[in-house]
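Please read these numbers as outputs of a predicted model, since none were measured by experiment. Below, each value reflects all heavy atoms present in this structure, side chains not excepted, and no hydrogens, waters or symmetry copies.
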Amino acid sequence: DAFLTSGDEGKLLEALKDAGVDPAVAGAQVSGPITYAKQKGLELVALAPEVEDRKIVREQGLQNLDQQRRGSYVMDAQGFIDLTQDPKFKLYTEKSMMKNYVPLNESDSAAN
């Protein structure tokens, strides 16, 4: 949102820093693609969830995100929650989705 509302890459990098993203990672992952998109006249589409929504889900679980917000990310939220309880899905999650998981702080874990 910081970039889309202002077009200022510096504001985007500052917002990422405020959200806890390592400045070196933000610079490497953001500056190149944004510069390329600007040069080519391409529109940018935000693909990540809102920072506050991610925080709620990481700390309290998807079921604690209000229904309207959940609906903007997952069409069938209850179906998704149910799917995550299947042992086969848990194995897939552990081996594929969580292999690069990095905790945000000492109280954060893959379990939450």
Side-chain angles (χ1 to χ4, degrees):
D1 289 347
F3 177 76
L4 294 177
T5 56
S6 69
D8 183 344
E9 190 175 327
K11 286 185 180 181
L12 173 59
L13 293 171
E14 187 65 31
L16 291 170
K17 179 182 169 194
D18 292 346
V21 176
D22 181 300
V25 172
Q29 297 294 318
V30 172
S31 295
I34 288 178
T35 301
Y36 179 82
K38 282 182 181 178
Q39 290 172 347
K40 300 295 182 181
L42 301 173
E43 289 186 37
L44 297 174
V45 178
L47 299 177
E50 296 292 333
V51 173
E52 285 303 313
D53 293 345
R54 286 183 52 215
K55 183 177 179 182
I56 290 169
V57 171
R58 284 187 87 145
E59 293 175 359
Q60 303 169 29
L62 180 62
Q63 66 277 9
N64 289 303
L65 192 61
D66 77 60
Q67 193 169 16
Q68 183 178 3
R69 298 298 306 154
R70 273 196 318 252
S72 69
Y73 301 117
V74 181
M75 294 301 290
D76 177 14
Q78 190 57 52
F80 181 77
I81 291 168
D82 293 344
L83 174 67
T84 64
Q85 304 309 306
D86 181 315
K88 291 177 185 173
F89 186 81
K90 286 185 178 187
L91 178 62
Y92 167 75
T93 300
E94 290 170 9
K95 299 294 183 187
S96 180
M97 296 171 69
M98 299 303 290
K99 70 179 184 177
N100 295 323
Y101 172 80
V102 177
L104 295 176
N105 54 46
E106 64 275 352
S107 65
D108 194 17
S109 74
N112 62 10

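- Applying the salt bridge (charged side-chain N to carboxylate O under 4.0 Å, His left out) test to residues at least two apart or on different chains, none of the pairs has a partner in residues 24-37.
- Taking Glu52 as the reference, Lys55 meet the side chain to side chain contact (heavy atoms under 4.5 Å, CB included) condition, with sequence neighbours excluded.
- Scanning for side chain to side chain contact (heavy atoms under 4.5 Å, CB included) contacts around Ala37 gives Leu42, Leu44, with sequence neighbours left out.
- Contact detail for Gln63 and Gln60: the closest heavy-atom pair is NE2-O, 3.5 Å.
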Would you be so kind as to tabulate the donor-acceptor pairs closer than 3.5 Å made by side chains of residues 73-83, with sequence neighbours excluded?
residue: Tyr73; atom: OH; partner: Glu50; partner atom: N; Å: 3.0
residue: Tyr73; atom: OH; partner: Asp53; partner atom: OD2; Å: 2.7
residue: Tyr73; atom: OH; partner: Arg69; partner atom: NH2; Å: 3.0
residue: Asp76; atom: OD1; partner: Gly79; partner atom: N; Å: 3.0
residue: Gln78; atom: NE2; partner: Asp82; partner atom: OD1; Å: 2.9

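- Under the side chain to side chain contact (heavy atoms under 4.5 Å, CB included) criterion, Lys90 pairs with Gln85, sequence neighbours left out.
- Clustering ILVMFWY residues whenever any of their side-chain heavy atoms sit less than 4.5 angstrom apart, transitively, puts Leu12 in the very cluster that holds Val21.
- The CG atom of Asp66 sits 8.5 Å away from atom OG of Ser72, with the distance rounded to the nearest 0.5 Å.
- The main-chain N or O of Leu65 is found under 3.5 Å from a side-chain atom of Arg70 such that the two form a donor-acceptor pair.
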